[in-house]
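Contents: one structure, followed by commentary.
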Amino acid sequence: MNAVRTPEKIDHHRRHLFGIAAATVAAAQLGAIGIAGAQGSGTETTASRPVKPRTSFSPLKQIDAGPLNVGYAEDGPADGPPVILLHGWPYDIYSYVDVAPLLADAGYRVIVPYLRGYGTTRFLSDATPRNGQQAALASDIVALMNALNIQKAVIAGYDWGARTTNIIAALWPERCKAMVSISGYLIGSQELNRMPLPPKAELQWWYQYYFATERGRAGYEKFTRDFARLIWELASPKWAFDDATFERSAAAFDNPDHVAISIHNYRWRLGLALGEPEYDALEKKLAALPTIGVPTITMEGDANGAPHPDPAAYAKKFSGKYEHRLISGGIGHNLPQEAPQAFAQAVIDVGKF
C-alpha cells in the first residue's frame with residue numbers, strides 16, 4: 001500500500017530499534033502463535049467469571065478536560081488510591097462493569113472514562129479535528145487526570161486503552177504509579193506501520209485496510225453495530241456474551257464522533273491521514289519505541305482472536321519490575337469483562353510492586 005523507499009544512509013541505532021519493532025509488530029499480526037511457549041516466563045491463571053455479572057454503573061459524571069467534556073463512571077471511596085481503566089475499540093466502559101466494584105471494595109477510587117468518540121464524551125468545539133491518533137488519546141487521559149486533580153494513578157487497559165496506558169507510562173511516568181496492559185507493549189509509529197507483513201498476518205488486519213477506503217468508512221457508518229459485533233465474535237471466539245451485554249456497549253457507538261474517530265485512528269496508523277501538529281513532538285518520542293520503567297503486569301487471554309504480540313517480543317520493553325500473566329479458560333480479547341477477577345487482582349498486585 002506504500003511506495004518503495006529509496007536507499008538512505010544507515011543509522012545503526014535506528015535500524016536496531018526498527019528490528020525490535022518489526023519483530024513485535026509481526027508477532028502482533030500473527031495472533032496466538034507462541035503464547036503457549038511464554039507460560040513458563042510468567043503466571044498462568046484460570047479465569048472464573050462472576051456468577052451474576054453487573055449490568056450498570058452508578059450515574060455517570062461529566063467533566064471538561066482538554067478539548068473534551070468527558071463522560072466517566074466512578075466507584076469507590078473519593079480518597080482512595082486512584083485507578084484509571086481504559087477501554088478499547090469497539091467496546092466501551094462496560095468492559096469494567098464487574099472490575100470496578102471489585103477494586104472499589106478493595107479501597108480504590110476507580111475512574112472509567114469513555115474515550116473520545118464514545119458514549120457521553122463530547123468535543124467542546126465543532127472546530128476541533130476528530131483525531132484518533134495515539135498521542136491525542138493519551139493526552140486526553142492526562143487532561144482528565146488534571147481535571148480530576150489526580151496527580152498519579154495506577155492505569156490499566158486493553159486494545160486502544162492498553163496503547164494509551166503504555167504511552168502515558170512512557171511519556172509521563174510521573175503520572176503513572178503502575179500499569180496493567182493487555183497484550184503488552186502496543187506503542188507504534190506511522191513509519192513502522194509501513195513495513196509489510198506476511199500474508200497471513202496482513203489478513204488479520206482486514207478491517208484496517210477496509211477502513212482505508214471510502215467504502216469502508218461508509219460501511220462502518222451504516223453497519224456500526226453489525227461490524228462491532230463481528231469484531232467481538234472474532235476477537236473473543238469463546239466468549240458467550242448475550243444480546244443484552246452487547247447492546248449495553250453498542251449504545252456508546254451512537255456518539256456523533258465515533259465513526260470519524262475510528263476511521264481516523266486506523267488511517268493515521270497507515271500514514272493515510274494527517275495528525276495534528278501539536279502532537280508531533282510526542283509522536284517523535286513514541287516512534288523511538290521508548291522503554292517503560294513503571295511497575296508493570298502484562299496479561300493475555302488464552303483465546304485472544306485479535307492480532308496480538310507474543311509476550312517474548314515485548315518483555316524487554318519493560319525495564320522496571322515486571323510480570324506477565326496468561327489467563328486460561330477460553331478468555332479472549334476483552335479480558336477485563338471476560339475475566340474480571342483476574343484483571344482486578346492484577347491491578348491490586350501491580351499497585352504493591
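Small disclaimer: the values here were computed from a predicted structure and weren't measured. All residue numbers refer to positions in the sequence shown, counting from 1.
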Output all residues satisfying ring-ring contact (aromatic ring centres under 6.0 Å, His included) with [X], sequence neighbours left out; order by chain, then residue number.
X      : result
Phe241 : Trp232, Trp239
Phe57  : Tyr94
Tyr118 : His87, His258

Report task. Spell out, yes or no, whether Val180 and Leu102 are grouped together once hydrophobic residues are joined by side-chain heavy atoms under 4.5 Å, including indirect joins. Result -> no
Donor-acceptor contact present, side-chain [X] to main-chain [Y], <3.5 Å:
X      : Y      : answer
Ser125 : Ala127 : yes
Asp75  : Val110 : no
Glu44  : Leu326 : no
Asn334 : Tyr91  : no
Asp92  : Ala252 : no
Lys177 : Gly351 : yes
Asn255 : Gly119 : yes
His333 : Asn304 : no

Any ion pair linking [Y] and [X] (charged N to carboxylate O, less than 4.0 Å)?
X      : Y      : answer
Glu323 : Arg325 : yes
Asp243 : Arg248 : no
Glu214 : Arg217 : yes

Query raised in the report: Would Glu191 and Asn193 count as a side-chain contact (heavy atoms from CB on, under 4.5 Å) if you check the C-alpha gap in whole Å, the side-chain angles of each, and the deciding distance to 0.1 Å?
Result: CA-CA 5 Å; Glu191 186 170 357; Asn193 287 334; over 6 Å; no
Once rounded to the nearest 0.5 Å, what's the spacing between atom [atom1] of [X] and atom [atom2] of [Y]?
X      : Y      : atom1 : atom2 : answer
Glu338 : Ile331 : CD    : CD1   : 5.5 Å
Leu144 : Ser139 : CG    : OG    : 12.5 Å
Tyr279 : Asn131 : OH    : CG    : 6.0 Å

Shortest non-hydrogen contact from [X] to [Y]?
X      : Y      : answer
Thr165 : Gly161 : OG1-O, 2.7 Å
Ala170 : Ile292 : CB-CG1, 4.0 Å
Ala303 : Pro237 : O-CD, 3.3 Å
Gly275 : Trp268 : N-CD1, 3.7 Å
Gly330 : Lys238 : O-CB, 3.5 Å
Ile261 : Phe123 : CD1-CZ, 4.0 Å

Query raised in the report: Which is it for Tyr114 and Tyr72 under the ring pair (Phe, Tyr, Trp, His ring centres under 6.0 Å) test, yes or no, and what are the steps along the way?
Result: CA-CA 6 Å; Tyr114 279 115; Tyr72 65 99; over 10 Å; no
Report task. Name the orientation class of the two ring planes belonging to Tyr96 and Phe343 (parallel below 30°, tilted from 30 to 60°, perpendicular beyond 60°). Result -> tilted
Query - Parallel, tilted or perpendicular, as decided by the 30° and 60° cut-offs, for the rings of Trp206 and Tyr210 - result: tilted
Report task. Would you check, one step at a time, whether the test side-chain contact (heavy atoms from CB on, under 4.5 Å) holds for Gln208 with Arg269? Result -> CA-CA 9 Å; Gln208 182 171 239; Arg269 293 191 202 187; 3.7 Å; yes
Query raised in the report: Quick one: are the ring centres of Trp89 and Phe253 less than 6.0 Å apart?
Result: no
Query raised in the report: Ring centroid separation for Phe211 and Phe227, is it under 6.0 angstrom?
Result: yes
Are side-chain heavy atoms of [X] and [Y] found at a separation under 4.5 Å?
X      : Y      : result
Leu234 : Leu230 : yes
Leu124 : Asp64  : yes
Leu85  : Leu103 : yes
Lys321 : Thr296 : no
Met179 : Ile155 : no
Ile327 : Leu335 : yes
Leu148 : Ile111 : yes
His324 : Glu300 : yes

[X]: what forms a side chain to side chain donor-acceptor pair (under 3.5 Å) with it, not counting sequence neighbours?
X      : value
Tyr158 : Ser95
Ser181 : Asn166
Glu247 : Arg225

Requested in this report: Only counting residues at least two apart or in another chain, list the ones meeting side chain to side chain contact (heavy atoms under 4.5 Å, CB included) with Thr164.
Outcome: Leu86, Leu137, Ala138, Ile141, Ile168
Tell me which pairs pass salt bridge (Lys or Arg N to Asp or Glu O under 4.0 Å) where either residue lies in [range], with sequence neighbours left out.
range            : result
residues 153-166 : none
residues 109-131 : Glu74-Arg109, Arg116-Asp140, Arg130-Asp257
residues 145-157 : none
residues 276-296 : none

Query raised in the report: Is it the case that more than 12 heavy atoms not belonging to Ile63 sit under 6.0 Å from its CD1 atom?
Result: yes
Report summary line: Sorted by chain and residue number, the salt bridge (Lys or Arg N to Asp or Glu O under 4.0 Å) partners of Asp79 (sequence neighbours excluded) come out as none
Report task. Give a yes-or-no answer on whether the side chains of Tyr322 and Thr298 include a donor-acceptor pair shorter than 3.5 Å. Result -> yes
Query raised in the report: Strictly by modelled atom types, are Ser262 and Asn265 linked by a side-chain donor-acceptor pair under 3.5 Å?
Result: no
Requested in this report: Verify side-chain contact (heavy atoms from CB on, under 4.5 Å) between Tyr209 and Leu270, making sure each step is shown before the conclusion.
Outcome: CA-CA 9 Å; Tyr209 307 127; Leu270 295 177; 4.0 Å; yes
Query - side-chain contact (heavy atoms from CB on, under 4.5 Å) between Val142 and Arg175, intermediate numbers included - result: CA-CA 8 Å; Val142 174; Arg175 308 302 297 271; 3.8 Å; yes
